[in-house]
Number of protein chains: 2
Amino acid sequence: MTSNPPPLQIHALKAACATCSLRELCLPMDLSEDEIDRLEDLIGQRRWIRQGQELFGAGESFHALYAVRSGFFKTCVGSEDGREQVTGFQMAGELLGLDGIGSGRHEVSAVALEDSQVCVMPFDELEEMAAGMPHLQRSLHRFLSREIVRDHGTLLMLGSLRADERVAAFLLGLLRRLQRRGQRGDEFVLRMSREEIGSYLGLKIETVSRVFGRLQAEGLLEVKLKQIRVLEGERLRQLAEGCS
Amino acid sequence: MTSNPPPLQIHALKAACATCSLRELCLPMDLSEDEIDRLEDLIGQRRWIRQGQELFGAGESFHALYAVRSGFFKTCVGSEDGREQVTGFQMAGELLGLDGIGSGRHEVSAVALEDSQVCVMPFDELEEMAAGMPHLQRSLHRFLSREIVRDHGTLLMLGSLRADERVAAFLLGLLRRLQRRGQRGDEFVLRMSREEIGSYLGLKIETVSRVFGRLQAEGLLEVKLKQIRVLEGERLRQLAEGCS
DNA sequence: CGTCTCCTTGAGGTTGGTCAAACCAGGTGG
DNA sequence: CCACCTGGTTTGACCAACCTCAAGGAGACG
């Protein structure tokens with residue numbers, strides 16, 4: 001139930017937001033040195049999640065928010081009849097668990113798509129701390145709000161784009177987020193399977209595959225399994241027309 | 001830019017959460033008498049919005065959250081090429097404007113579908129007040145989180161349901177929300193057009209119309225223009241299978 | 001080398017989109 | 001009161017996009 005350190009790696013007992021490379025992107029965005037220090041005390045532990053493992057499951061009771069420190073996650077909702085859908089992918093610096101605040105239970109499950117590390121932030125304490133630290137409060141609200149906005153973008157995608165447009169928007173969105181995290185160039189690795197992409201985009205796996213094929217044939221992309229290189233960003237952007 | 005009272009109706013200068021019938025559903029959910037009193041002071045004004053008018057538009061700068069006091073709204077996102085999509089419908093007791101917190105600008109526009117009244121809550125003050133009032137803070141966080149969860153539900157709908165399932169889920173969701181607000185019976189009035197329903201559900205207007213026809217032919221619904229009566233709730237629920 | 005999983009490709013079927021016309025309710029004005 | 005107009009809705013015929021089913025390929029791993 002607690003940490004599961006991978007070989008050769010021991011996790012620190014105390015978080016180190018101050019020296020974390022994600023500081024500018026993550027919850028401590030606008031905090032002063034002093035405030036960061038207090039936040040670090042709150043983050044009791046970091047936790048390792050092995051590829052394929054759940055960080056939390058839908059229905060489990062909610063205790064904490066998690067900041068992705070390294071790695072990659074997907075979140076899924078499932079309806080009772082077994083239909084499942086991926087609602088998002090989370091990378092370093094992004095928060096997991098926001099959905100649980102409302103009801104006290106997690107409404108989605110979060111699964112690591114590669115070995116990942118998260119910072120655990122007990123929510124009651126975080127809330128209490130936010131009450132006395134306006135910057136933190138503001139930052140938390142921003143994260144919540146941005147999540148809503150992001151979902152609206154996805155809604156627009158599912159509701160009004162066709163298959164190739166969705167895939168284009170998806171890839172550009174991924175690339176943008178990766179680049180903000182220091183990724184160089186137009187080449188990157190998909191952490192998720194075709195099936196997961198399809199689920200996220202409301203498409204079947206075969207359609208995703210065909211679209212990749214088509215975009216490659218037209219010279220917009222180079223696709224080698226999970227390795228993607230964007231050749232014609234501008235034309236891709238044209239396809240995706242105004243979707244994050 | 002301020003209130004626009006409809007004929008025969010003068011709006012109070014101070015909100016009256018304490019006596020508002022929506023108190024249990026709205027932001028003041030868990031507040032004590034005393035706390036409610038303070039919140040009322042913050043809600044400087046109520047504002048009337050005529051049918052078809054915008055409460056706020058996408059891109060406008062964000063100042064306040066709005067609680068719907070009466071009436072009905074839709075929120076829309078638009079991509080730059082003119083595609084527009086409805087992202088949600090809001091009724092009494094629900095909040096508008098949560099999307100603006102993240103960037104300081106509204107990312108959607110909110111349009112009244114009937115003459116409506118909202119309570120205006122300047123966000124800076126609300127945030128400040130929340131810092132000193134744990135119940136309020138918690139309530140705000142819950143609203144933000146629930147909005148995320150609701151969006152996930154919509155995502156699931158757009159991503160994995162077929163047309164009649166979407167419409168069934170949509171109608172049941174509406175009915176449920178109306179009933180929680182005191183609506184009696186299985187009959188209700190659609191405040192939005194077929195086009196708006198279609199936009200929300202990722203369907204074309206003709207498809208929405210055909211689905212209504214089909215569901216009526218099968219005896220699940222009675223549809224008279226905007227007047228809907230649910231005849232076979234159970235079978236409808238079966239169709240919608242596990243979507244809010 | 002065999003097996004497993006994931007991905008690709010093909011053929012054919014369905015759902016929902018497109019285009020066009022008719023319909024209907026409500027409002028206006030004669 | 002009726003004729004007319006308007007905007008929203010319904011209906012039909014046709015078509016394209018995407019799904020389904022099925023088979024084959026390509027890496028990863030023991």
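Just so we're on the same page: letters track the sequence lines, and every chain starts at 1.
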*Pick the nucleotide of DNA chain C nearest each of B:Ile205 and A:Met192; which residue has the one closer to the 5' end?*
A:Met192

*Name the residue closer to the 5' end of DNA chain C, choosing between A:Lys226 and B:Gly202 according to the nucleotide with the nearest heavy atom.*
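The residue mapped nearer the 5' terminus is A:Lys226.
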
Between [options], spot the one nearest the side chain of [X], thanks.
X        : options                : answer
A:Ser209 : C:dC19, C:dT9, C:dG16  : C:dT9
B:Thr207 : C:dG16, D:dT20, D:dT11 : C:dG16
A:Arg162 : D:dA13, D:dC18, D:dT20 : D:dC18
A:Glu206 : C:dT18, D:dA22, C:dG16 : D:dA22

In this structure, how many angstroms lie between the [atom2] atom of [N] and the [atom1] atom of [X], rounded?
X        : N      : atom1 : atom2 : value
B:Leu225 : C:dG26 : CG    : P     : 7 Å
B:Lys204 : D:dT11 : NZ    : C1'   : 18 Å
A:Gln51  : D:dA28 : CD    : P     : 13 Å
A:Arg166 : D:dC19 : CZ    : C1'   : 13 Å
B:Leu201 : C:dG16 : CG    : P     : 12 Å
A:Arg210 : C:dG12 : CZ    : P     : 13 Å
B:Gln216 : D:dT10 : CD    : C1'   : 12 Å
A:Leu203 : C:dC7  : CG    : P     : 15 Å

*Hey, is the side chain of B:Arg194 poking within less than 4.0 Å of OP1 or OP2 on D:dT10, counting only N and O atoms?*
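Checking B:Arg194 against D:dT10: at least one side-chain N or O falls below 4.0 Å of OP1 or OP2.
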
*asked:* Checking side-chain polar atoms at under 3.5 Å, does A:His63 have a donor or acceptor matched by the opposite partner on A:Ser61?
replied: yes

*Base C:dC6 to side chain A:Glu196, donor-acceptor N/O within 3.5 Å cut-off*: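 For A:Glu196, whose side chain was compared with the base of C:dC6, there is no donor-acceptor pair (under 3.5 Å).
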
*Please lay out, stage by stage, how A:Phe170 and A:Tyr200 fare under the test ring pair (Phe, Tyr, Trp, His ring centres under 6.0 Å).*
CA-CA 9 Å; A:Phe170 170 68; A:Tyr200 178 61; 5.8 Å; yes

_Quick test of your reading of the model: are B:Arg150 and B:Glu94 salt-bridged, counting only N-O distances below 4.0 Å?_
yes

*More than 12 heavy atoms of other residues, nucleotides or ligands under 6.0 Å from CD of B:Glu218: is that the case?*
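For B:Glu218, atom CD is crowded (more than 12 foreign heavy atoms under 6.0 Å).
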
*Evaluate the ring planes of B:His106 and B:Phe62, with Trp represented by its six-membered ring, and classify them as parallel (under 30°), tilted (30 to 60°) or perpendicular (over 60°).*
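Geometry flag for B:Phe62 against B:His106: perpendicular rings.
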
